[in-house]
Asker: 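This is the structure, below, for whatever I ask next.
This structure is a prediction, so every number in the text was calculated from the model and none was measured.
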Amino acid sequence: MQVTLSGKVGADSESKIIPLRDGTGSLRLVEASLAVKTGADTPDWYKLKFLGDNFATIANRIAKGVTISIVGNLTFEFWNDKDTGERKSKAVITILDLQLPPLPQLA
């Protein structure tokens, strides 16, 4: 499913070399929209995944607290907690398009 989100980066970026070029970097994005929420009024967190070399070209412009907008494909990762055995999930968005804040103007 394709989604569009805007939010603040929750932590500095992480990057790895992956032989199959299936995600050279990732970020966490917090999104606290004005949409009606069910349950607790907490923000939603997403793991953002970049394909190929895209991450290397923009990594130095993304830091914790920066607001970005993205378009991407939403999937979920599932695992069992090691301690409790409880089934857990995490929303993952593979980036198709990214909008960064403007570069500062040099005087």
Asker: Output all residues satisfying side chain to side chain donor-acceptor pair (under 3.5 Å) with Thr4, sequence neighbours left out; order by chain, then residue number.
Answerer: none
Asker: Hey, what do you get for CD1 (Ile68) to CG (Leu48), rounding to the nearest 0.5 Å?
Answerer: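 The CD1 atom of Ile68 sits 5.5 Å away from the CG atom of Leu48.
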Asker: Do Leu74 and Val71 land in one hydrophobic cluster if side-chain heavy atoms of ILVMFWY residues count as linked below 4.5 Å?
Answerer: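 In one cluster with Leu74: Val71, no.
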Asker: Hey, quick one: are Trp79 and Trp45 part of the same hydrophobic cluster, counting side-chain heavy atoms closer than 4.5 Å, chains of contacts allowed?
Answerer: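 Unlinked, Trp79 and Trp45 end up in two clusters.
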Asker: With a cut-off of 3.5 Å and sequence neighbours excluded, list every side-chain donor-acceptor pair involving residues 83-99.
Answerer:
from: Thr84; atom 1: OG1; to: Asp81; atom 2: OD1; distance (Å): 3.4
from: Thr84; atom 1: OG1; to: Glu86; atom 2: N; distance (Å): 3.1

Asker: Measure the spacing between OG1 of Thr67 and NZ of Lys8 and express it to the nearest 0.5 Å.
Answerer: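 Going from the OG1 atom of Thr67 to the NZ atom of Lys8 covers 3.5 Å.
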